[in-house]
Amino acid sequence: MAHVESLLPLDGVTVVTLEQAVAAPLASRHLADLGARVIKVERPDGGDFARAYDEAVHGTGAHFVWLNRGKESLAVDLKSAEGRDIVQTLIASADVFLQNLAPGAAARLCLGSDELRAAHPGLVTVDLSGYGTGGPFEQRKAYDMLIQAESGLISITGTPDDAVKTGIPTADIASGMYCAQAVLAALLRRYRTGEGAAIEVSMLESTVEWMGHSLYTQMYTGQQPPRMGVSHVSIAPYDSYPTRDGQILIGVQSDGGWRALTTVLGVPELTDDPRFATNMSRVENRAACDAAVADRTRLWTTAELDAKLADAGIPAAQIKQLGDVADHPQLAARDRWRTVGTPFAQVKALLPPATFGDVEASMGDVPALGAQTAALLAEAGYAPADVDRLADAGVVRLGG
């Protein structure tokens, strides 16, 4: 039987994006990792503003390196009619158009979903916004921190004394993931029916979906779940506990796990103590339970106790600093790091979490602003003289 070379799932799919910051770039980067060709439309005067958040990665912004590998950068002025014509020409042969401009901005540029799909019924369009179309919040600013606040996420995150946002842009990530998921579903349906789709994703709705059990607890008990730090409102022992040289996290989610923990800690008499025998009783007596665990965990170093708990199958972890994560032995053992190019240097990049058995994810370079402008214009039928004219007029920016 002849060998057939494995293809990435989205080989042959073209995505045009009008994106910035985190949410939409994350969605399109996942599509690029899966093999899609992603053409990123950027402003000639600076491009995606995430490029300039910082210069942490050899002169390139850390957010931008994380979110934009494997894409082609087209730097074009969409305020000009010729610039809009260029993008519309590219969209005409694309499979997906994704944008996260301010509400109504894409339509004002003649790149609205209704207009594009009327001309290209097979096109999948995705509009990602903070609050969605309609409603009193439609036009409000929608940065990640603000969405975390409006969704209730901040109200349950932090310690009893201090509410905090999450240390990563959770609202951006949630909505970006739902965008990518919806695109895959729409493409699958299009392959069956030939019909495209108009998809809308709201950062607020994406993040409220992630509120899950906390929201249901509020709706059906009338009680706001408290902020628990690293602890858990429904489970005990589940917290950070002192060791001889630091701390360790322990999360026991079953009564069997409690029995195993009391054995490892050398306090079998606590196994059937009526205060602690069941999870509900441990939660009711959380302070006493935590104190009893802490009295024993402080007898070992963090590494010693971590090893003992792991050997016994008890859920536990050391709190890794990010420097430790970069050198995590599990990532190294599974060969999860690759190298990609950026505008100024080669850098490490983590393989996507989903691993295909027959083909590795595409790990393309992070583009300089306008790096592919000339090639994309040539592909769209523009002669070299026209490319030069557009560049001289400031309609496009040629990078490289």
Side-chain angles (χ1 to χ4, degrees), residues 14-29 31-32 36-55 57-102 105-112 116 125-126 128 340-345 347 364-400:
T14 297
V15 181
V16 176
T17 70
L18 188 49
E19 60 181 23
Q20 54 194 359
V22 175
L26 176 65
S28 63
R29 198 219 75 190
L31 301 177
R37 181 188 189 190
V38 177
I39 300 170
K40 182 183 180 78
V41 179
E42 301 189 73
R43 296 175 294 108
D45 57 340
D48 182 339
F49 52 73
R51 285 183 180 273
Y53 279 169
D54 55 60
E55 296 181 345
V57 186
H58 297 292
T60 303
H63 280 82
F64 196 83
V65 171
W66 167 40
L67 297 166
N68 291 284
R69 67 169 178 252
K71 301 180 185 180
E72 301 173 35
S73 173
L74 169 68
V76 59
D77 181 7
L78 291 176
K79 295 178 181 178
S80 69
E82 285 186 299
R84 292 192 294 273
D85 286 344
I86 292 167
V87 175
Q88 288 168 342
T89 298
L90 292 171
I91 292 173
S93 58
D95 302 284
V96 180
F97 175 66
L98 166 64
Q99 66 87 19
N100 70 332
L101 301 184
R108 291 191 293 273
L109 294 170
C110 302
L111 297 171
L116 292 176
T125 62
V126 187
L128 192 161
V340 301
T342 74
F344 304 111
V347 303
D365 291 344
V366 178
L369 178 59
Q372 288 78 32
T373 298
L376 286 165
L377 290 176
E379 186 178 318
Y382 289 82
D386 292 325
V387 174
D388 291 339
R389 176 183 60 78
L390 291 169
D392 291 341
V395 174
V396 301
R397 172 172 172 166
L398 306 180

Checklist entry - Hey, what do you get for CG (L74) to OG1 (T373), rounding to the nearest 0.5 Å? => result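 So the gap between those two atoms works out to 5.0 Å.
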
Next on the checklist: I need the L377 CG to L398 CG distance, nearest 0.5 Å.
Outcome noted: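 Between atom CG of L377 and atom CG of L398 there are 7.5 Å.
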
Checklist entry - Which one of V87, L90, D48 satisfies the side-chain contact (heavy atoms from CB on, under 4.5 Å) criterion with V41? => result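 Result: among V87, L90, D48, V87 is the only option passing the side-chain contact (heavy atoms from CB on, under 4.5 Å) with V41.
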
Item to check | Test side-chain contact (heavy atoms from CB on, under 4.5 Å) applied to I91 and L111, I86, V96, I39, the passing residue | outcome: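 It is L111; the other options fail the test.
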
For the residue pair [X] and [Y], what are the closest heavy atoms and their distance?
X	Y	result
G370	A75	CA-CB, 3.8 Å
A36	V15	CB-CG2, 4.1 Å
R29	N68	CG-N, 4.2 Å
P44	G394	CG-O, 4.3 Å

Next on the checklist: A375: which residues meet the side-chain contact (heavy atoms from CB on, under 4.5 Å) condition with it, sequence neighbours left out?
Outcome noted: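 For A375, no residue satisfies side-chain contact (heavy atoms from CB on, under 4.5 Å) once neighbours in sequence are set aside.
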
Item to check | Partner residues of A62 under the side-chain contact (heavy atoms from CB on, under 4.5 Å) criterion, sequence neighbours left out | outcome: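 Counting only residues at least two positions away or on another chain, A62 forms a side-chain contact (heavy atoms from CB on, under 4.5 Å) with D54, A56, V57.
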
Could you tell me whether the side chain of [X] and the main chain of [Y] form a donor-acceptor pair under 3.5 Å?
X	Y	answer
R84	L78	yes
Q88	C110	yes
D386	Y382	no

Taking side chain as C-beta onward, heavy atoms only, is [X] less than 4.5 Å from [Y]?
X	Y	answer
E72	P367	no
R51	F49	no
V396	D77	no
H58	V347	yes

Checklist entry - Does anything in residues 365-376 pair up under salt bridge (charged side-chain N to carboxylate O under 4.0 Å, His left out), and if so which pairs, sequence neighbours excluded? => result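 The answer is none; no pair qualifies.
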
Checklist entry - E379: what forms a salt bridge (Lys or Arg N to Asp or Glu O under 4.0 Å) with it, not counting sequence neighbours? => result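 E379 satisfies salt bridge (Lys or Arg N to Asp or Glu O under 4.0 Å) with R37 only.
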
Checklist entry - Do the side-chain N and O atoms of E42 and S73 include a donor-acceptor pair separated by under 3.5 angstrom? => result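 Yes, because at least one side-chain N or O of E42 sits under 3.5 Å from a partner of the opposite role on S73.
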
Item to check | Residues V126, F97; criterion side-chain contact (heavy atoms from CB on, under 4.5 Å); working and verdict | outcome: CA-CA 6 Å; V126 187; F97 175 66; over 6 Å; no

Listing, residues 17-26 side-chain donor-acceptor contacts under 3.5 Å, not counting sequence neighbours, or none:
unit_1: T17; atom_1: OG1; unit_2: E19; atom_2: OE1; d: 3.4
unit_1: E19; atom_1: OE1; unit_2: S28; atom_2: OG; d: 2.7
unit_1: E19; atom_1: OE2; unit_2: S28; atom_2: OG; d: 3.4
unit_1: E19; atom_1: OE2; unit_2: K40; atom_2: NZ; d: 2.7
unit_1: E19; atom_1: OE2; unit_2: K71; atom_2: NZ; d: 2.8

Item to check | Centroid separation Y53 to H63 less than 6.0 Å | outcome: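 They qualify: ring centres under 6.0 Å apart.
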
Checklist entry - Quick one: side-chain hydrogen bond (donor to acceptor under 3.5 Å, both in side chains) pairs with a partner in residues 388-399, sequence neighbours left out? => result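 For residues 388-399, and leaving out neighbouring residues, the side-chain hydrogen bond (donor to acceptor under 3.5 Å, both in side chains) pairs sorted by first residue read E82-R389.
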
Checklist entry - Excluding sequence neighbours, so at least two apart, what forms side chain to side chain donor-acceptor pair (under 3.5 Å) with T125? => result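 Residues passing side chain to side chain donor-acceptor pair (under 3.5 Å) with T125: S113.
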
Checklist entry - Taking only residues two or more places apart in sequence, or in another chain, which ones meet T60 in a side chain to side chain donor-acceptor pair (under 3.5 Å)? => result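 Residues passing side chain to side chain donor-acceptor pair (under 3.5 Å) with T60: none at all.
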
